[in-house]
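Being a predicted model, the structure only gives us computed values, none of them experimental. Chain letters run A, B, ... following the sequence lines, proteins first, then strands; residues in each count from 1.
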Amino acid sequence: MTSERYNSREAEPRWQKFWSDKHCFEAKEDVSRPKYYVLEMFPYPSGRIHMGHVRNYAMGDVIARFKRACGYNVLHPMGWDAFGMPAENAAIERGVHPKTWTYENIAAMRSQLKSMGLSLDWSREIATCDPRYYRHEQAMFLDFMKAGLVERKVSLVNWDPVDQTVLANEQVIDGKGWRSGAMVEKRELAQWFLKITDFSQDLLDALDRLEKWPEKVRLMQRNWIGRSEGMRFSFVLEDANGCELADRLTVYTTRHDTIFGASFCALSVDHELARKLSETDAGLAAFRREVSALGTSEESVERAEKQGYPLGIFARHPFKPDVRLPLYAANFVLMGYGEGAVFGCPAHDQRDLDFARKYKLPVRTVVAPRGPQANAFDVGAEAFVDKEGTDTVLINSDFLNGMTVPQAKEEVSMRFESAGIGERKVNFRLRDWGVSRQRYWGCPVPVIHCRGCGIVPVPKAELPVTLPEDVTFDKPGNPLLHHPTWKNVKCPQCGEAAQRETDTFDTFIDSSWYFARFCSPHADVPVDENAAHYWMPVDQYIGGVEHAILHLLYSRFFARAMSMTHHLDWDEPFASLFTQGMVVHETFKSASGEWVFPVDAVLKDGNWMHAKTGEALTVGGIEKMSKSKRNVIDPESIIAGYGADTARWFMLSDSPPERDIEWTEAGAEGAWKFTQRLWRLVNEAAVLPTTEFAGNWGSAATDLRRVSHKSLVAVTDDLEALRFNRAIARIYELANALGAALASGTTSPDMVAAIREAADFITLMFAPMMPHLAEACWELLGHAQPVVETPWPKPIAALIAENEVTIAVQVNGKRRDEIKLQKGLARDKVEDAVLKLDAIKRALDGKSVVKFVVVPDRIVNIVVGG
RNA sequence: GCGGGCGUGGCGUAAUGGUAGCCGCAACGGACUUAAAAUCCGUUUUUCGCAAGGAAGUGCCGGUUCGAGUCCGGCCGCCCGCACCA
């Protein structure tokens with residue numbers, strides 16, 4: 001029997017139009033139904049979708065379609081993270097206006113996404129560069145200001161010299177700008193900050209409750225927030241002659257137990273005291289410049305020796321006033337953490353030890369492994385840093401001798417507190433979020449600088465503050481600053497001439513609340529209360545792990561800030577998070593060392609060569625698809641060639657979704673063949689003659705039905721748990737069973753009914769992955785309702801239940817045979833049956849049974865002696 | 001340095017502490033065909049054996065258990081994140 005090939009090129013646009021005309025995926029609030037909000041991280045409109053998008057959105061679509069079939073009211077929206085630097089770079093390089101460039105890209109990518117057949121509610125589409133979106137961002141910023149969540153302060157900031165803008169700490173990776181890759185410099189600028197640190201503790205604590213987040217991501221956030229418990233206390237300072245100075249030196253430590261091991265103090269070159277002294281000390285000024293220039297990248301940290309500059313000042317030991325600790329400015333002390341100053345205890349901190357060895361400072365061991373030799377313990381080249389171990393003991397430490405580390409900490413804390421020179425302090429690594437960017441293509445900060453009134457918020461009635469469109473990119477720096485008129489306004493308070501803030505927001509603000517906006521994308525408030533109450537939180541969020549810290553932490557903060565300002569009644573925006581793996585591909589290099597596109601690489605006689613030049617190619621590693629390595633496959637060409645269903649199917653098969661998946665031509669080909677196979681099977685099933693059937697199932701038909709219903713249960717469980725690769729393996733199994741049943745040629749009424757049922761089931765089961773093919777098959781099978789309106793089938797319990805089970809029989813843990821037995825058979829009957837097996841008799845020959853392990857319906861293990 | 005993850009056939013992978021390798025890819029053999037493609041059927045962890053049937057096997061070493069890919073301890077290797085955070 002032959003049938004026509006499935007023509008995806010014809011069928012896919014047809015079904016897409018069908019869904020769209022019926023408004024199948026437009027979500028409406030309906031409190032009578034359970035809701036399900038599935039969201040994939042929205043794309044930056046770079047111009048074209050890539051395979052990573054295909055994988056991400058295919059996964060989200062499977063969940064959306066599956067949940068919809070299961071009866072949920074599903075919200076599955078899409079939008080554009082549309083502000084950002086590439087648009088400005090395009091303007092600089094090609095003279096296109098960022099807005100034009102962005103909207104053209106959006107149009108192109110929207111049509112590409114539509115060609116994937118995603119079940120998206122396009123009526124909710126938003127773009128963050130649309131004033132109808134960012135006006136609400138500006139309004140919320142003003143509310144955040146009122147709530148005390150915004151701060152403007154002059155601070156040392158990370159300055160990206162290439163992008164000519166400030167970067168948040170989170171955007172500095174390895175001392176380099178996350179986008180430009182340029183070495184970041186330190187600059188002092190007045191900046192806007194969002195006070196994410198107000199929520200440090202809560203952001204940390206709530207991680208424990210995010211049970212449906214990957215442990216890895218929670219851990220990364222925990223480390224990033226970086227809570228530590230310690231003490232802040234001050235030293236009295238004196239000059240070289242022993243005269244007490246007016247200044248005190250406040251330090252932060254988590255090892256106050258080691259205070260008797262202190263042999264110096266060190267402060268950051270950016271510390272106030274160091275700055276002050278450098279005004280009169282040229283050597284110090286030079287040292288400060290030198291250290292600042294080095295930066296804090298991994299490389300420079302690794303290479304840089306510990307360096308210090310003696311300040312000629314000494315700190316008095318708090319418990320031994322006659323002990324003087326020399327004070328240094330040092331390159332290894334960070335201004336951004338704690339007090340920017342530390343006391344050095346060389347024996348119990350590696351950095352301090354390196355420093356002490358270099359400057360010949362005393363190394364005094366004060367913590368030792370507990371035991372008779374404790375007092376003789378001495379550190380060598382490596383500091384003894386055991387912190388909480390109870391098998392350690394304090395030595396050489398006056399009143400602390402003999403105590404454990406925790407005891408000593410407690411004792412020192414109490415003495416400091418009663419002496420009034422220090423207090424317990426919890427420190428966080430997390431810094432406030434600097435959100436000012438000196439760029440054009442972003443959301444304007446809605447404030448005005450007035451000479452008389454200072455900082456004046458733009459009145460809400462005047463929002464949005466829109467970007468001017470007549471800007472030029474011929475000069476470096478911020479076009480808003482260069483614009484001849486835009487920034488000139490009247491002060492809303494006093495009416496005098498004033499100036500707009502020309503900084504724009506970090507684009508991570510845009511993506512920190514879009515998920516909430518999707519609940520009511522056309523509302524004239526940022527978020528409609530009822531809509532958000534119904535839809536939030538996002539039930540399933542899917543995206544790349546690269547956003548584990550930045551985007552996900554900012555969004556968690558934003559939800560809290562929005563709750564505080566009554567824009568949202570939910571603190572945690574994403575109930576469940578899934579981080580999918582990357583799409584990787586082989587790399588090819590020519591002899592001249594240039595990367596070659598996979599489409600140009602052809603295999604000839606076992607050797608790779610360039611399709612056009614014939615040059616020999618070497619095969620490199622399998623790496624993440626990237627433009628620079630040219631190992632990219634364009635989804636558009638795949639969809640045009642094989643169809644969207646095939647591309648989606650391949651992205652979901654084989655590899656577990658959290659792991660990387662390698663794109664291979666053979667794999668894509670295999671997926672395509674399977675779509676054709678499904679089409680053929682359904683065709684064959686559909687044309688079987690239907691006859692009257694009284695409901696008397698024969699054993700062959702029942703066997704097939706068992707496979708159908710068991711597959712259904714397995715696929716349902718797998719989709720529920722996002723195990724797409726396993727669901728697909730089960731679908732292959734059912735296809736094999738269906739194929740065998742068709743090949744058998746039986747056309748008895750019961751067999752035909754069983755085959756029809758299997759065809760129905762398999763179609764509904766693969767529908768979330770290959771929705772177009774499913775509709776085509778479903779139509780062919782004679783159903784009036786489309787798949788999108790067909791509920792997920794329900795298994796029949798009797799067909800899943802087994803009355804016979806296959807039990808493995810082991811002797812001493814080694815499998816010797818297996819036996820089919822009635823389910824739930826009594827233990828002694830199992831023993832009797834097992835002992836009758838030939839293989840078991842052989843294995844037991846002449847040996848005595850020591851123990852008979854029977855795990856009901858699973859396994860038997862006979863333990864024998866001698 | 002700190003933290004986390006992973007290690008299973010030629011490859012991608014699967015396996016509530018209970019028959020290791022489901023499913024797919026690739027390969028090989030066969031059917032159909034003038035031929036090819038497509039399709040269908042079969043074989044495919046290694047090893048001994050004509051076979052029946054054995055033996056070994058989930059990075060390495062040890063432990064717990066009637067039973068370990070799975071749990072515990074120690075190594076080795078790879079990947080990821082953080083990192084002069086006091």
Practice prompt. Decide yes or no, distance alone: a donor-acceptor N/O pair under 3.5 angstrom between the base of B/A86 and the side-chain of A/R351.
Written response: yes
Discussion item. Can you tell whether the side chains of A/R222 and A/E215 come within less than 4.0 Å, N to carboxylate O?
Written reply: yes
Worksheet item: Quick one: is A/N736 getting a side-chain N or O under 4.0 Å of the B/G24 phosphate, OP1 or OP2?
Response: yes
Worksheet item: Using purine N1 to pyrimidine N3 plus N6-O4 or O6-N4 for Watson-Crick, or N1-O2 and O6-N3 for G-U wobble, both under 3.5 Å, which nucleotide pairs with B/A35?
Response: none
Item to complete: Would you mind telling me which of B/U39, B/A83, B/C23 lies closest to the side-chain atoms of A/E733?
Response: B/C23
Worksheet item: Which whole-number value in Å describes the distance from A/L678 CG to B/G24 P?
Response: 12 Å
Fill in: Under-4.0 Å side-chain N/O to phosphate OP1/OP2 contact, A/S655 with B/U13
yes
Item to complete: Between B/A68 and B/A20, how far apart are the P atoms? Round to whole Å, please.
Response: 10 Å
Discussion item. Applying a 4.0 Å non-hydrogen cut-off, can you work out what A/V855 is touching in the nucleic acid: base, sugar-phosphate, or nothing?
Written reply: base
Worksheet entry | Separation of atom CD in A/Q810 from atom P in B/G67, rounded to whole Å | 10 Å
Fill in: Per A/Y337 side chain, nearest of listed nucleotides B/C40, B/C84, B/C85
B/C85
Fill in: Euclidean distance, atom CD of residue A/E215 to atom P of B/C6 [Å, nearest integer]
12 Å
Discussion item. Any strand counts, and the cut-off is 3.5 Å on both contacts for Watson-Crick or G-U wobble. Which nucleotide pairs with B/A27?
Written reply: B/U43
Item to complete: Check every atom of B/A83, B/G12, B/A38 against the side chain of A/W224 and return the nucleotide holding the closest atom.
Response: B/A83
Discussion item. Can you confirm whether or not the ring centre of A/F264 sits under 6.0 Å from the ring centre of A/Y359?
Written reply: no
Worksheet entry | Distance in angstrom units between A/D717 CG and B/A14 C1', rounded | 16 Å
Worksheet entry | Nearest-Å distance once atom C1' is located in both B/C22 and B/G69 | 15 Å
Discussion item. With nearest nucleotide decided by heavy atoms, which residue, A/D352 or A/Q676, maps closer to the 5′ end of RNA chain B?
Written reply: A/Q676
Discussion item. Taking any heavy-atom pair under 4.0 Å as a contact, classify A/V251: base, sugar-phosphate, or nothing.
Written reply: nothing
Fill in: Gap in Å between the two C1' atoms, one belonging to B/U44 and one to B/A26, rounded
11 Å
Worksheet item: Rounding to the closest angstrom, what is the interatomic distance between B/U46 and B/G57 at atom C1'?
Response: 8 Å
Fill in: Nearest-Å distance for atom pair CG/C1', residues A/L837 and B/G53
16 Å
Worksheet item: If we call it a pair only when both distances are under 3.5 Å in a Watson-Crick or G-U wobble match, what pairs with B/C85?
Response: none
Practice prompt. Rounded to the nearest angstrom, tell me the gap between atom CZ in A/R815 and atom C1' in B/C66.
Written response: 18 Å
Practice prompt. For B/A51 and B/U64, measure between their P atoms and round to the nearest Å.
Written response: 40 Å
Discussion item. Ring-plane angle category for A/W649 and A/F766, please: parallel below 30°, perpendicular beyond 60°, tilted otherwise.
Written reply: perpendicular
Item to complete: Could you check whether A/T664 gets within reach of a base, just the sugar-phosphate, or nothing at all, counting any heavy atom under 4.0 Å?
Response: nothing
Practice prompt. Would you kindly check whether a donor in the side chain of A/R659 faces an acceptor in the base of B/C6, or vice versa, at under 3.5 angstrom?
Written response: no
Item to complete: Give a yes/no answer on whether the side chain of A/R858 brings an N or O atom under 4.0 Å of OP1 or OP2 in B/G17.
Response: no
Worksheet entry | Strand partner of B/G7, provided both Watson-Crick or wobble distances fall under 3.5 Å | B/C76
Worksheet item: Rounding to the closest angstrom, what is the interatomic distance between B/A86 and B/C6 at atom C1'?
Response: 33 Å
Worksheet item: Within the structure, does a side-chain N or O atom of A/R429 lie under 4.0 Å from either OP1 or OP2 of B/A86?
Response: no
Worksheet entry | Sidechain-backbone polar pair: A/N631 side chain, A/E623 backbone, donor-acceptor under 3.5 Å | yes
Worksheet item: Is a salt bridge present between A/E669 and A/K673, judged by a nitrogen-to-oxygen distance below 4.0 Å?
Response: no
Worksheet item: Nearest nucleotide by nearest heavy atom, which residue falls closer to the 5' end of RNA chain B, A/S653 or A/V853?
Response: A/S653
Discussion item. I'd like to know if A/K216 reaches the base of B/C80 with its side chain, counting only an N/O donor and acceptor under 3.5 Å.
Written reply: no
Discussion item. If you only use heavy atoms from C-beta on, which nucleotide in B/U19, B/C84, B/A38 is closest to the side chain of A/E818?
Written reply: B/U19
Item to complete: Taking only the side-chain heavy atoms of A/K306 (C-beta and beyond), determine which of B/C84, B/A86, B/U39 contains the nearest atom.
Response: B/C84
Practice prompt. Test for a donor-acceptor pair under 3.5 Å between the base of B/C66 and the side chain of A/N861, counting only N and O atoms.
Written response: yes
Worksheet item: Between B/U19 atom C1' and A/N812 atom CG, what is the distance in whole Å?
Response: 16 Å
Worksheet item: Heavy-atom count around A/K212 NZ within 6.0 Å, excluding the residue itself: above 12?
Response: no
Worksheet entry | Member of A/K820, A/R815, A/R816 meeting the side-chain hydrogen bond (donor to acceptor under 3.5 Å, both in side chains) criterion with A/E818 | A/R815
Practice prompt. Would you kindly give the CZ-to-P distance between A/R222 and B/A83, to the nearest whole Å?
Written response: 17 Å
Worksheet item: Would you call A/R227-A/E229 a salt bridge at under 4.0 Å N-O?
Response: yes
Item to complete: For B/C23 and B/A14, measure between their C1' atoms and round to the nearest Å.
Response: 8 Å
Worksheet item: Is there a side-chain polar atom (N or O) of A/N725 under 4.0 Å from OP1 or OP2 of B/G24?
Response: no
Item to complete: Take atom C1' in B/G21 and the same atom in B/G7, then report the distance between them in whole Å.
Response: 16 Å
Worksheet item: Counting side-chain heavy atoms from C-beta on, which of B/C66, B/C84, B/C22 comes nearest to A/A729?
Response: B/C22
Practice prompt. Describe the nucleic acid contact of A/R723 in one word from base, sugar-phosphate, nothing, applying a heavy-atom distance below 4.0 Å.
Written response: nothing
Worksheet item: Between A/Y732 and B/G24, is there a side-chain N or O to OP1/OP2 distance below 4.0 Å?
Response: no
